[in-house]
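Notes for the one structure printed next.
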Amino acid sequence: MAEAVIRVAGLAKSYPTAAGDFQALRGVDLEIAAGDYVAIMGPSGSGKSTFMNLLGCLDTPSAGDYFLAGQNVARLDPDALARLRNRTLGFVFQGFNLLPRMSLVDNVALPLVYAGADRDTRRARARELLERVGLGRNADARPNQISGGQQQRVAIARALVNRPRLILADEPTGNLDSHTSEEIMRLFGELNGEGITIVLVTHEADVAAHARRQVRFRDGAIVGDHLTAEAAC
Ligand code: ADP
Ligand code: MG
């Protein structure tokens with residue numbers, strides 16, 4: 001079996017609420033191999049986004065371990081964690097999260113600012129990625145001048161700009177019609193074909209069917225984990 005890009009053990013997250021701590025994740029164990037394509041499913045409120053935010057190092061767990069590309073995330077100082085995160089993973093959100101006042105090329109180039117690349121290098125690399133997602137001719141447009149599906153392509157280009165080995169996507173097709181969703185899923189399929197590991201949240205079975213493996217959450221725990229081909233039998 002390929003090396004694990006993601007390994008979590010006993011991963012838990014509780015949120016303080018007026019009624020006391022609420023356990024959004026209750027000790028999750030999961031391993032995701034390099035090159036895999038995993039759909040995270042489950043009802044609203046089952047902890048999917050909480051889990052993805054932990055995988056993306058956007059939040060810290062209350063308990064448990066997370067090894068990203070073999071490194072124990074909790075042991076890294078903030079700079080080392082930022083570096084590991086930047087060069088290992090790209091995050092795609094349901095709401096695209098593009099900066100409205102910036103051109104598409106500058107949106108895509110933004111992660112390279114933090115990586116320390118000079119402006120010409122950043123823009124050249126960003127244009128290359130916009131070409132890759134079929135938006136080369138729109139490079140100087142603003143996000144509000146393109147469709148939702150195109151905005152999500154820009155967000156995927158931004159997630160790819162540091163050549164990550166892992167893409168995390170939380171309901172990336174949640175705001176898109178079914179035709180546009182299929183186009184986005186084709187793009188994820190191509191990226192996975194190039195060897196990029198993909199973990200994406202969806203609650204639509206036809207979106208999940210693009211993945212190789214389907215992991216199901218309920219009440220903050222994993223209640224199912226099977227290969228897509230098995231589901232079809
Ligand atoms: P999903 O993405 O599967 O819909 P979430 O991970 O967003 O689920 O949420 C899991 C549970 O944790 C939900 O009951 C949600 O209300 C709760 N929750 C999420 N974020 C917070 C927060 N910041 N404070 C309190 N409760 C939260
Ligand atoms: Mg969610």
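In listed order, ligands and their atoms are each counted from 1.
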Got the closest protein heavy atom to [atom], with its distance?
atom	answer
atom 8 (O) of ligand 1	Gly47 N, 3.3 Å
atom 6 (O) of ligand 1	Thr50 OG1, 2.6 Å
atom 26 (N) of ligand 1	Tyr15 CD1, 3.5 Å
atom 11 (C) of ligand 1	Phe22 CE2, 3.5 Å

*List the steps and the verdict of salt bridge (Lys or Arg N to Asp or Glu O under 4.0 Å) for Asp36 and Arg212.*
CA-CA 7 Å; Asp36 209 348; Arg212 194 192 71 93; 2.7 Å; yes
*asked:* Are Glu128 and Arg125 packed together at the side-chain level, in the sense that at least one heavy-atom pair is separated by less than 4.5 angstrom?
replied: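 Side chain of Glu128 against side chain of Arg125, heavy atoms only: contact under 4.5 Å found.
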_Below the 3.5 angstrom mark, is there an N/O of Phe51, backbone or side chain, next to an N/O of ligand 1?_
no
_Below the 3.5 angstrom mark, is there an N/O of Gly45, backbone or side chain, next to an N/O of ligand 1?_
yes
*May I ask you to list the protein N, O or S atoms found at less than 2.8 Å from the Mg ion (ligand 2)?*
Ser49 OG
Might you point out which heavy atoms bring [X] and [Y] nearest each other, and give the distance in Å?
X	Y	result
Pro43	Arg218	CG-NH1, 4.1 Å
Phe217	Leu25	CE2-CD2, 3.7 Å
Gly95	Asn175	CA-ND2, 3.9 Å

*Should the proximity of Pro16 to ligand 1, defined as any heavy atom under 4.0 Å, be assigned to the side chain, the backbone, both, or neither?*
neither
Which atoms of ligand 1 sit under 4.0 Å from any heavy atom of [X]?
X	result
Ser49	1 (P), 2 (O), 6 (O), 7 (O)
Pro43	3 (O)
Ser44	4 (O)

*Check for a donor-acceptor pair, side chain of Arg26 on one end and backbone N or O of Gly220 on the other, with a separation under 3.5 Å.*
no
*Decide whether the shortest distance between a heavy atom of Gly42 and an atom of ligand 1 is less than 4.0 Å.*
no
*asked:* Between Asp140 and Arg127, does any NZ, NE, NH1 or NH2 come within less than 4.0 Å of an OD or OE carboxylate oxygen?
replied: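 Salt bridge flag = yes for Asp140 with Arg127.
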*Using protein heavy atoms only, decide if any is under 4.0 Å from atom 15 (C) of ligand 1.*
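Not a single protein heavy atom is under 4.0 Å away.
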*asked:* I need the Asp219 CG to Gln23 CD distance, nearest 0.5 Å.
replied: 11.5 Å
*For the atom pair CG (Leu200) and CE (Met185), what is the distance rounded to the nearest 0.5 Å?*
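That separation rounds to 4.5 Å.
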*Other residues, nucleotides, ligands: >12 heavy atoms within 6.0 Å of Tyr15 OH*: yes
*Sequence neighbours left out, what pairs pass ring-ring contact (aromatic ring centres under 6.0 Å, His included) with at least one residue falling in residues 68-104?*
Phe91-Phe93
